[in-house]
Each structure stands twice: as structure tokens, then as C-alpha cells.
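See below for the structure under consideration.
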Amino acid sequence: MKILVTGGAGFIGSNFIRHLLRSQRDVEIVNFDKLTYAGNPESLADIASDHRYSLVCGDIVDSRIVNDVFTKGIDALVNFAAETHVDRSIEDASPFLRTNVLGTHCLLEAARKFHLPRFVHISTDEVYGSAPADVSFNEEATLDPRSPYAASKASADHLVSAYANTFGISAIVLRCTNNYGPFQFPEKLVPLMIANAREDKPLPIYGDGLQERDWLFVEDYCRAIALALEKAKSGSVYNVSAGMPQPNLKIVRTILHHLGKPDSLMRSVQDRPGHDRRYALDCSKIQRELGWRPEVSFEDGIRRTIEWYQANNEWLEHARTGEYRNYYERHYTRRAETFSQ
Ligand code: NAD
Ligand code: TYD
């Protein structure tokens with residue numbers, strides 16, 4: 001089976017590619033990634049020479065390169081490619097609309113044109129908006145995106161559903177809560193707090209720090225995606241979560257405790273505009289229909305994550321400085337040109 005993974009040089013995509021290559025022998029993966037600031041081929045250095053894996057540097061908005069890849073034959077697509085950081089979407093929503101909406105549209109057009117058998121779209125819990133206390137949204141809940149990032153992801157979800165309905169695209173949508181684990185770019189809460197705490201830098205806590213997120217270890221999510229890719233019925237939407245929303249302050253205190261650092265490193269800073277208070281999902285559907293369950297407890301996952309960042313200082317430094325990009329951009333841009341001839 002030949003799988004096109006878009007955004008595979010990012011956090012979840014790189015973990016997913018590694019998971020597939022380790023768990024399935026008969027698989028070929030084309031990683032199609034623009035290598036934005038968040039895309040780091042060093043996250044896949046250990047499997048870069050695997051003959052089943054290749055990287056194409058390209059933009060999902062560019063129909064010429066997308067069609068080139070499809071022309072070479074694809075059995076399934078998993079679309080991770082996106083702009084993903086809420087704070088950046090508040091600064092400037094344009095790249096979010098471009099990649100998350102127009103890019104998804106471009107992939108759907110290619111799927112239609114080339115009769116792609118399977119299109120797995122990676123969405124987010126943020127499309128449902130903020131969940132009232134004691135409410136967990138199921139897949140039937142109304143979409144109520146409340147940040148530019150969430151609005152762009154919800155638009156993409158609607159496009160996927162419209163293309164499935166109108167053109168019969170065989171699409172599956174996964175909406176997951178916040179992931180954490182190795183290879184996450186240090187702008188998101190968990191890696192930022194680990195990186196800052198290690199250097200005794202202040203840890204910015206937005207507002208009162210009592211906003212809740214439902215943290216899922218990335219390997220658990222990768223298993224869910226692989227299951228959906230293999231078994232989900234076309235047209236299905238699945239929520240994925242650990243089922244245990246926790247306040248940000250608790251997450252940050254846990255990280256400080258593991259690193260032996262004082263709580264005094266935490267600094268309350270101005271809240272994010274329009275900050276969603278709580279994300280919570282009912283994920284009983286994927287448990288019932290696909291038999292998926294989270295396997296890694298938060299205590300275990302956060303310990304493994306901290307240990308990974310401690311052992312991978314060079315990855316962290318290169319991600320922070322963008323140092324890996326000069327070499328890889330030259331190297332892989334050449335390959336993409338070769339690919340599209
Ligand atoms: P990430 O920011 O770490 O990686 C995104 C990847 O997409 C990068 O490799 C980047 O280079 C690539 N990319 C961006 N624009 C592109 C374009 N125009 N063409 C091709 N590639 C492009 O993201 P992530 O955290 O791994 O998230 C992956 C997906 O999962 C996203 O769709 C996101 O919305 C969704 N998601 C993430 C989380 C989370 O907690 N990280 C939670 C729920 C849903
Ligand atoms: P983040 O990792 O950006 O994910 P998302 O906003 O998509 O859920 O943020 C997780 C939570 O942590 C969110 O409530 C915002 C908060 N946060 C901080 O308090 N300080 C920070 O420096 C960051 C990056 C996030």
C-alpha cells in the first residue's frame with residue numbers, strides 16, 4: 001500500500017510515519033511537506049534511508065506538484081499538513097486560510113480527479129469550540145470554531161464532507177484533542193515549558209491557567225489514525241481523546257516537578273484573546289467501532305516526553321534556531337524539482 005502523508009515532517013505526522021514503518025512491513029510512504037518553520041526532516045532522520053520512505057518538498061496548495069505525486073499512484077492519503085498554532089493565527093490568519101482551507105481543497109480536487117480510494121483528514125477538537133463544564137462533545141455536536149485556526153480547520157472539515165457528499169470521495173475525518181510527545185515544535189505548551197524550565201527561564205501562563213485541555217500521548221493517536229486508515233467506514237467522523245481534561249497549571253506544575261524546578265518560574269501573562277476555556281470530547285464512537293483505547297497514562301507519557309527532550313538537545317536547538325532548514329531546503333527542493341519533471 002502506497003500512502004501519501006502530507007505534513008509528515010511535523011510533530012504528529014513524523015510520529016505517524018515512524019509508527020507505520022515500524023508496524024507494517026508492506027507499506028510505502030511518500031511524505032509531502034512544505035518544510036515550514038514547523039516541518040523538520042531531522043524528526044525522521046532515523047528512517048530517512050528506509051527504502052519504503054521518501055520525502056517530497058512541496059506545498060499542498062500547489063496543484064501541479066500535488067497532481068504529479070498522484071500521477072505516480074497513491075492508495076491512500078493522510079492529511080496532516082496545516083498551520084497549527086492558535087497564537088500565530090491571531091497574529092496573521094492568512095497562512096492558515098491558505099494552507100488549511102485552500103490546501104485541503106487542492107488535495108480533495110486531486111483525490112476526485114485520480115479516484116483516490118481513501119482520504120483521511122486530520123482535524124481537531126477545536127472545531128467544536130469551548131466545552132461547558134461537564135460536557136464532552138460527540139461527533140454530532142455543532143461546529144463552533146472560535147479562533148482563526150479553528151475556523152480554518154472547521155472550513156476544511158466542511159469541504160471534506162461536501163466533497164464526500166458531492167463527488168463520493170472516500171473520506172474519514174479524525175478530530176483529536178491536544179497531543180504531546182517527542183518531536184513537538186517548542187511553541188506549544190508542553191515542549192515550551194520543558195525547554196524554558198530546563199534553562200530556568202520564565203514559563204508564561206496565559207490568564208489564570210485554569211483552561212483545560214485533554215492531553216493524549218502522540219503514540220496513542222498514531223495507533224488511532226492507523227486503525228481508521230485500515231478499518232473506518234467511508235464518511236465516518238471520529239473523535240479521539242484521552243478522556244481526562246486537565247488545567248494548564250497542573251500540566252506545568254507536573255513538568256516543573258519532574259525537572260526538579262520551582263513553581264516560582266511560572267509567570268502569569270496576558271491571556272490569549274478569545275481563549276477557549278475547555279476542550280473535552282466524547283470518544284466512545286472510536287472505542288466502540290474500531291476498538292481503540294488510549295494506552296499511555298499521562299504520568300507515563302509526560303515522563304517519557306521530558307526524558308526525550310532531555311536526551312535530544314540538538315533537535316531542540318535546531319528546531320528553535322531553524323538551523324536544519326538551510327541544508328534540507330537546498331537538498332529536498334532539488335528532489336522536488338526532479339520529482340515534478
Ligand atoms: P505541526 O505544526 O507540527 O506540523 C505541520 C506540518 O505541516 C509541518 O511539517 C509543516 O511543514 C507542514 N505544512 C504546513 N503547511 C504546509 C503546506 N502548505 N504544504 C505542505 N506541508 C505543509 O502540526 P502537528 O501538531 O503535527 O499537527 C498535525 C495535524 O494535526 C494538523 O492538521 C493539526 O491541525 C492537527 N491536530 C494537532 C493537534 C496537536 O495537539 N498537535 C491536535 C489536534 C489536531
Ligand atoms: P497550545 O499548546 O498552544 O495548544 P492549543 O491552544 O491549541 O490548545 O496551548 C495549550 C494551552 O496552554 C492553551 O490553553 C494555551 C496555554 N498556553 C499557555 O498558558 N502558555 C503558553 O506559553 C502557551 C504556548 C500555551
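Counting starts at 1 for both ligands and their atoms, in listed order. All residue numbers in this chain count up from 1 along the given sequence.
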Contact check, S123 vs ligand 1, heavy-atom distance below 4.0 Å:
yes

Return the closest protein heavy atom for atom 11 (O) of ligand 1 as residue, atom name and distance.
D33 OD1, 2.6 Å

Look at atom 2 (O) of ligand 1 and say which protein heavy atom is nearest, naming residue and atom and giving the distance to 0.1 Å.
T84 OG1, 2.7 Å

Does the residue G58 have a heavy-atom contact with ligand 1, meaning some pair of atoms that are separated by less than 4.0 Å?
yes

Taking atom 40 (O) of ligand 1 as the reference point, the nearest protein heavy atom with its distance:
N179 N, 2.8 Å

Does the side chain of T177 pick up a donor-acceptor pair with the side chain of S241 at under 3.5 Å?
no

If you measure every N/O of R213 against every N/O of ligand 2, is any gap under 3.5 Å?
yes

Crowding at NE2, H275 (>12 non-hydrogen neighbours, <6.0 Å):
yes

Protein residue, atom and distance nearest to atom 43 (C) of ligand 1, heavy-atom basis:
C176 O, 3.3 Å

With no hydrogens and no angle check, do the side chains of Y53 and E28 hold a donor and an acceptor under 3.5 Å apart?
no

Polar contact flag, side-chain donor to acceptor under 3.5 angstrom, S136-D282:
no

Would you please determine whether E212 falls within less than 4.0 Å of ligand 2 on a heavy-atom basis?
no

Under a 4.0 angstrom heavy-atom cut-off, which atoms of ligand 1 come close to N178?
40 (O)

Which option out of M266, K188, H275, Q184 puts a heavy atom nearest to atom 13 (C) of ligand 2?
H275

If you link ILVMFWY side chains whenever their heavy atoms are less than 4.5 Å apart, which other residues fall into the same cluster as V269? By chain and number, please.
Y206

Using only heavy-atom distances, determine whether the side chains of Y279 and Q211 contain a donor-acceptor pair under 3.5 Å.
no

Examine N248 against ligand 2 and note whether any of their N/O atoms are separated by less than 3.5 Å.
yes

Where is the nearest protein heavy atom to atom 3 (O) of ligand 2: which residue, which atom, and how far?
R272 NH2, 3.1 Å

Parallel under 30°, tilted from 30 to 60°, perpendicular over 60°: which one fits the rings of F167 and Y163?
tilted

Below 3.5 angstrom, do we get any N/O pair linking P204 and ligand 2?
yes

Looking at D46, I want to see if its CG is surrounded by more than 12 non-hydrogen atoms of other residues, nucleotides or ligands under 6.0 Å.
yes

Interfacing atoms of ligand 1 (cut-off 4.0 Å, heavy-atom, T177)
42 (C), 43 (C)

Of all protein heavy atoms, the one nearest atom 20 (C) of ligand 1 is K34 N, 3.2 Å

Can Y128 and D125 be counted as having a side-chain donor-acceptor contact under 3.5 angstrom?
no

For A81, take its heavy atoms, then give the atoms of ligand 1 lying under 4.0 Å from any of them.
7 (O), 20 (C), 21 (N), 22 (C)

For atom 32 (O) of ligand 1, what's the nearest protein heavy-atom neighbour? Residue, atom name and distance, please.
K153 NZ, 2.7 Å

Looking at side-chain heavy atoms only, is the closest gap between E91 and D87 below 4.5 Å?
no

For ligand 1 and T99, I'd like to know whether there is a polar contact (N/O to N/O, distance under 3.5 Å).
yes

Could you tell me, atom by atom, which parts of ligand 1 come under 4.0 Å of a heavy atom of L35?
11 (O)

Ring pair (Phe, Tyr, Trp, His ring centres under 6.0 Å) assessment of F80 paired with F16:
CA-CA 10 Å; F80 294 94; F16 178 69; 5.5 Å; yes

Counting only nitrogen or oxygen atoms and a 3.5 angstrom limit, does T124 reach ligand 1?
no

Among protein heavy atoms, which lies nearest atom 28 (C) of ligand 1, and at what distance?
F80 O, 3.5 Å

Could you say whether the N/O atoms of F11 and ligand 1 ever approach to under 3.5 Å?
yes

Below 4.0 angstrom from a heavy atom of A82, which ligand 1 atoms are there? Numbered from 1 as shown, please.
5 (C), 7 (O), 14 (C), 31 (C), 32 (O)

Side chain or backbone, does K188 bring an N or O within less than 3.5 Å of an N or O on ligand 1?
no

Indicate yes or no: does an N/O atom of V61 lie under 3.5 Å from an N/O atom of ligand 1?
no

Would you tell me which option among Y149, Y279, W215 has the nearest heavy-atom contact to atom 34 (O) of ligand 1?
Y149

Taking atom 10 (C) of ligand 2 as the point of reference, which of D87, L189, D276, T177 owns the nearest heavy atom?
L189

For ligand 1, find out whether one of its N or O atoms is nearer than 3.5 Å to an N or O atom of T36.
yes

Does any N/O atom on I12 come nearer than 3.5 Å to any N/O atom on ligand 1?
yes

Say whether N40, considering both its backbone and side-chain N or O atoms, lies within less than 3.5 Å of an N or O atom on ligand 1.
no

Is there a nitrogen or oxygen of G8 sitting under 3.5 Å from a nitrogen or oxygen of ligand 1?
no

For I122, counting its heavy atoms only, list the atoms of ligand 1 lying under 4.0 Å from any of them.
29 (C), 30 (O), 32 (O), 35 (C)

Decide whether the shortest distance between a heavy atom of G103 and an atom of ligand 1 is less than 4.0 Å.
no

Taking only non-hydrogen atoms of D59 and a 4.0 Å limit, the atoms of ligand 1 in range are 17 (C), 18 (N), 19 (N)

Whether the K188 and Q184 side chains hold a donor-acceptor pair (N or O, under 3.5 Å, no angle test) is what I'd like checked.
no

Do ligand 2 and Y206 have nitrogen or oxygen atoms that lie under 3.5 Å from each other?
yes

Exactly one of Y180, F183, F217 clears ring-ring contact (aromatic ring centres under 6.0 Å, His included) with W308, and that residue is F183

